[in-house]
Each structure stands twice: as structure tokens, then as C-alpha cells.
Amino acid sequence: MDSDEEERIPYSLRKEWSDVTPLPQDDGPDPVVSIAYKDEFRETMDYFRAVYHSDERSARSLDLTSDAIELNPGNYTVWHFRRLVLEAVGADLHDEMDFVEHIAENNSKNYQIWHHRRWLAEKLGAEAMRRELKFTQKILALDAKNYHAWSHRQWVLQVLGGWEDELEYCQQLLEDDVYNNSAWNQRYFVITRSPLLGGLQALRESEVRYAADAIITNPENESPWRYLRGLYKGDNNSLVSNPEVSIVCVDVIKKNPIKKNPYCVFALSLLLDLLCYGFQPSDEFRRIVESLRNSDSGPSDYKLASTVCAILESVDPMRSNYWSWRKSNLPTLAC
Amino acid sequence: MECGNSSMKKRLSITQQEQMRVEQKVFEIFKILDGVSPHTRSLMLEIWRDKHIEFLTRGLRELAPSYSVLDANRPWLCYWILHSLALLGVSIDSEFENNVVDFLGRCQDANGGYGGGPGQLPHLATTYAAVNSLITMGSERALSSINRDKMHKFLVQRKDSSGAFRMHDAGEIDVRACYTAISVASVLNILDSELVQGVGNYIISCQTYEGGIAGEPGSEAHGGYTFCGLATMILINEAHRLDLPGLIDWVAFRQGVECGFQGRTNKLVDGCYSFWQGDVLALVQRLSSIVHEQLKLAHVREAQNPAKACYVETHNSTKGDSDPCGSSHQAGELSDIGLSFLEGQAEWGPLLNSIALQQYILLCSQVLEGGFKDKPGKYRDFYHTCYCLSGLSVCQYSWSKEVNGSAPLPGAVLGPYSNLLEPIHPLFNVVLDQYYKAREFFSRSW
Ligand SMILES: [Zn+2]
């Protein structure tokens, strides 16, 4: 920082800026939340205010916005003005991509850079697709859950295309970290929206198997449970009638005796949903659930759903209020 | 023998490693609480009011150079600080209040809305922060400084053809923009059908397969957007269009073994979600008739249509009707929802573990030198101070059936009863008394 400061020549001493009068911030006589700006910050912003005010859309204004953005990439007014200048001077938008990538190195969670990036990609059109997918991939390699990067990537896929390798990309990320819920979300996005795959109906069976495998390997991982449930969003009848779903629940419960392992919460929770949507449990099914009851779970109930709630209340104390609420709101027809 | 074992062992993923590290730190803190005397325990769980007030009031005056990165968020700094102080029962002196009103006046654009600082482009998020700050201060001068006529025009301009809102001129569209626009319009009593049109469609397109709400259609369910989306839907009287049981389930599962909330599935706990997620569960406590309807329908083979019932609990509002100046009724009715929402009764207790959440906030987020933070190992800031305190207030009143009922029982407040904070309006996140004052003011003139 110090060496930077030494090299930097103040705007007030630069010949090319001598015709501009800096415009100080109008903070009033008694400012509040008053930031003790460093000289460089204050001066840069004073010159920015001057060109913004006079609406000077020039090459030097572009350079000035670069400086201002380096100092505070969260200033949306500067970014907004920069776009106006870029258009006015007919700047090379590929250079602009480089600039955004440079700023993103330290600020990948800032709304403005991603909005700017979207604007750029929109202008460049289809040719930007590969670069955008690569760029988001680079950011996601550093932080696989970066919310903005995922949003941008989804936008690119929908507007510019590039779906071909997306499922494989999700697959790779899930192999790296099967707990990465953002990758599961992206998988759902691809399954439901990719124009190349045939849609959710066509893929549901294989996706159920994919989620079920992930569940059996790591039953304590909530992501595939939500994914499995989500494959039947808005279609509870199919959820109830696919035996594979209830089999997953039973398998997990059988393999993870509840007293040693509270991971069954997800299995019991899905089971409860099944029962609420009209699932008819077999005798074996009832027996397995009943076997989980202990003295804390209260008396055996004629409703299996009610028993499930009672078990959940005792094995999942963080959510005991929630389970007792579920118990008191069971559909009358639930088994 | 180690070699054989380690090759058998499953390699922990990044998510698991990070989670384990945080759990360890949190449990270490909780372990200290276990063995101590009741007196020490009470001391450990105390809100360090004086320290917080000192940290906040200093920040309201001046901030270190490092705050330059928030130079486009100064109305937010005002709101985070003023609201935190208000929650602690502190109001600033009138001279200083005038300085804040004057400063925010300089952020107000000639054509309506507020920017991040004097002369900056007006932006929906900073507009929300400025309006909530002025309401939190609550003087005639503060409330009358808002140009509502221009504000309405500004909000209309921010509307996209889809019905959703853009943050600023040619800015990004997301659920946060929708919430801040609708919240501001509602609390200022300028909400009308023009502003509402299409917003509900956008929000429901953002509810994900997990149950929570994302920032944009297709993105991942997220605590901040879930609050924004649900609050918006309530304010425009369309909450019944969301899958509420699914939403409640997702939020309930976000409270983890650390006792605090995470923002997304398999992410780390963070104090600010005490409000974003916790308040969602407080909001649904007052949507019981809609939720019941949806739960009943769940069993009916293939719900043909979402529940029809859409009114919040009360229809016999008395406060909203008295309008001596005869306001424009068109605008009035939609803006009344924020008020009538408060008149409903909570039919259930909290669906979160309120005591556990208070424990996380007080022991893991509270900084003894003043302020609150995300989690152990992080630094305090005004944002987390605001949302940890807001979450704490939500917890303390989570057993209260009525918003204006008697004070919470001691059992609802973790730590000494002097920890009790001011209650908030759960849709706008301003202190309740100040909300009523503003409501009264803005229904008088339009
Ligand atoms: Zn946070």
C-alpha cells in the first residue's frame, strides 16, 4: 500500500485534469456516519463527482472510474456511470471483461461486479458464453457456494446457452463435496431447465436413484434428501406412489438405529410427509417405525404419522416445537 | 495399523471440515456455561448494554477509513445503528437527530428515493434504510422530510415489465429489490395496485424445490431472500400463493446444533440469520388460517388450486379506518395490511428453539467490547449488531400471543430479565412504537 501511495500522483497535480474543479461531497455542517476517508479516496471521489456532475463521458472519465472502483467496488453510482462512458467512447468490451476479472479477484461477493458482468455478456452475446462459464468456474473453484457466481452462471446458460457439459460439471462438484448444496441446486436447475435433457418427467427415475445413492452413503447429508423431495415438487401423488422413496427411508432407519444415531431425522421427516400425502404403510413399515418408539415418545398412537411426530420430538430436540406443531396439524386422513 | 485405518476412513469434504471447526469452537463456549454457578451464568448471558451503546453511538458520529468500502451504504449504517439503539431502548438527542435528518435529506434525490450518500444515484435498498431510519427517529421533522409524492414516482420507475423491481436505474432485479420497494410503499401509505401488479408472480417463481426462497428464479433457497419474499407476499396480501408448509419446514431445519441459524442448507451458522430466518417463523405464527388451509389441502389428491383464503387474521380493524383527512382509499387499503397483520393473534408458540437461539446470539455473537458478530472468530460490525439484536427481540416476544399484549414472561427471556429489548414490527423491522407513530403520521396526510 505504501509503495502504491508513493507512486500515485494526485489528480490535482496531473496536467490532463487541470481543467476540472473537484467537487467535494455535500455532507453538510454536522455530518453523521462520517467516514475518515484517506486523502486518495477523498480526492478520487471529488474528481469523480465533478465528471459525473458534468456528465463527461470521456476516456479520462473511464480511467477515473477504474480508480474509484478499485477504492470502493460497492459504489453502484460509479459502475452505472462507467457503463454510460463505455458506451459513449465505444470501449473494447473484452478489455472491460479483464477489468471486471481483476476487480473480482478480491470482491467476488459484491453485487455490482456481477450486475456489470451480466451487462457486458449481454452486449457481447453468444461469443461471451465460453468465457462466462470459465469465469464462474474459476470463482467457484475458490468458493463453490458463491451465490452471485451461481446466479450469473444460470443466467448465462439460459440466455447464451452452453448446457452441454453442465450436468457433468455438477457431477464433478458433487464428487468433490457431496455436501455442497449449491451444486445440488444447480443439478436441479439443469434437470428441470436444460433444453437438451428432456425435462424432469423424463429424468425423474434416474434422479431418484442418484439421490437415493447419495443418501445411503451419507444419510446425515440434508441436501440429497431435499433434492429427492424436490423431484416431486407439486406432484405429491407420484411421490407417494413411488415405492423407491419409502424404501430409502426404511433402509436408512434400519441401518442407523435411532438411539445411537439421530441422522434418521431426515428419513422420518420424509416419511411423515409421505403419510401426510396419503401413503398407505405396510405392516412391516409400521413395525419398523414402532420399534423406534421409546418411553419418551408417549403412548402408541393409532395414527402412524402421530407416532412419527412423537419420535421426532424426542430425537430432534432443536425442532421439538416444530414437530409438536406438525403433530397437532396432521391431515385428518393421514395414516 | 494406522495406514490401514486411514485408507478406510472417508475423507471429509470441505463442507464437513468447516462445519466441524465451527462446532468445536461453539461447543467449547457452551461447555464453559455448563459448570458455572447461577450467578456467573446470569452474568455470562447478560447483554452488555453500555458497551453496545458506546460502540453504536461512536459509529453514528464517525467511522474509521476502513469503512470507505461502505461509502455507498451510509443510510444503511444509519439504520443499523439507529435501529440497534432503538432495540436497546435508546433514542438519540434531538440535536443529533436533526443532524441525521439533515444528512439523509442530502441523500434524497430530487426525483425521489435515497442514494448511498449525498449526490449518489437513488437505490431501493438505501431508500429502505433511509425511510426506516427516519421512522426509527420518529420526529415530525424526520417523517415530514420524506417526499412521498416523488417516492411513489421513483418506485413506479423502478418497476420492470415483469412486475419485479430493479434496484436502481438499469440496476439488478431480485427479491430484495421487491421487498425494499413494497416495504417502503406500505409503511409510507403509498402502496397501490400499480406497484403491486406482477410482484407476487415474481416471488413465487423464486420459491425453490427446497421450500425456501431464492434471490432470482432458479437460484438456491436463502434466508435473507426468504424473509424478503415472505414479507413482500404478506404486504401485498398474496402469502397464500406460496407453499407455506414447505417454506416453514425448510426454515425450521436451518437451526442447527450450534443453536443458531444457517442461511442455506449445509452452510455455516451466522448470527444475522437469527433475524432473517427467525423472523420468518415469527411471521408465519400470524398466518395460521392460511397455513391450516394449505395443510388440509395437502392431503386432498392433487391440490387443484392454492388456498383461496387470503386475508390476514382480522377484518374488523378499527385503527386503520379512522381517517380524519379522508385519504385516498385506493392507496389506503393495501397499505393497511401492515397494520392489520399486527392485530391477528399468534395461534402457535414459536416454531424455532427460541432459548437455544438466544444462547447462540448472547454467547457466540456478542462481543464484550460492544457489538455483535457473525460467529466466533469473526469481527463485530454494525450489520450483525443490528440483525443479532433484531433476532434476539423476535425470540423474546415469540411466546406473546398478541403484539400489544403484556410483557413476555421471564422464562421467554434468556439471561437476566433486564435483557428484554423493545419489540419490533416483524414485516418492516422497525421498533413497534415508532411504527405506530409513523403509521399515524402517514395516514393523516397524503
Ligand atoms: Zn451474517
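Chain letters run A, B, ... following the sequence lines, proteins first, then strands; residues in each count from 1. What you are looking at is a predicted structure, and each value in this text was computed from that prediction instead of being measured.
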Hydrogens and angles aside, do Gln186(A) and Glu220(B) bring a side-chain donor and acceptor to less than 3.5 Å of each other? no
Say whether Ser68(B) and Asp71(B), considering side chains only, have a donor N or O and an acceptor N or O under 3.5 Å apart.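 The answer is no; no qualifying pair exists.
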Under 4.0 Å between a side-chain nitrogen and a carboxylate oxygen: does that hold for [X] and [Y]?
X         : Y         : answer
Glu207(A) : Arg187(A) : yes
Arg166(B) : Glu172(B) : no
Arg319(A) : Asp249(B) : no

Side chain, backbone, both or neither: which part of [X] has a heavy atom under 4.5 Å from chain B?
X         : answer
Asn107(A) : neither
Tyr232(A) : neither
Arg49(A)  : neither
Trp114(A) : neither
Tyr52(A)  : side chain
Arg229(A) : neither
Tyr322(A) : both
Arg153(A) : neither
Pro317(A) : backbone
Ser320(A) : neither

Is the distance from the ring center of Tyr67(B) to that of Phe382(B) below 6.0 Å?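 Yes, the ring of Tyr67(B) comes within the 6.0 Å limit of the ring of Phe382(B), centre to centre.
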If you draw a 6.0 Å radius around CD in Glu87(A), do more than 12 non-hydrogen atoms from other residues or ligands fall strictly inside? yes
Against chain B, work out which of Leu23(A), Asp30(A), Ile35(A) has the most heavy-atom pairs shorter than 4.5 Å and name it.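 That would be Ile35(A).
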Heavy-atom pairs under 4.5 Å with chain B are the metric here; pick the option from Tyr111(A), Phe81(A), Phe189(A) that has the most. Tyr111(A)
For [X], is it the side chain, the backbone, both, or neither that has a heavy atom closer than 4.5 Å to a heavy atom of chain A?
X         : value
Leu357(B) : neither
Arg106(B) : side chain
Asp102(B) : side chain
Ala64(B)  : backbone

Would you sort out whether Phe41(A) and Phe48(A) count as a ring-ring contact (aromatic ring centres under 6.0 Å, His included), showing the intermediate values? CA-CA 10 Å; Phe41(A) 188 97; Phe48(A) 168 75; over 10 Å; no
Could you walk me through whether Arg42(A) and Asp46(A) satisfy the salt bridge (Lys or Arg N to Asp or Glu O under 4.0 Å) test, starting with their C-alpha distance in whole Å, then the side-chain angles of each, then the deciding distance to 0.1 Å, before giving a yes or no? CA-CA 6 Å; Arg42(A) 184 192 308 276; Asp46(A) 287 352; 5.8 Å; no
Check whether Phe266(A) forms a cation-pi arrangement with Arg226(A) (NZ or CZ under 6.0 Å from the six-membered ring centre, at most 45° off the ring normal).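 Here Arg226(A) fails the 6.0 Å and 45° test against Phe266(A).
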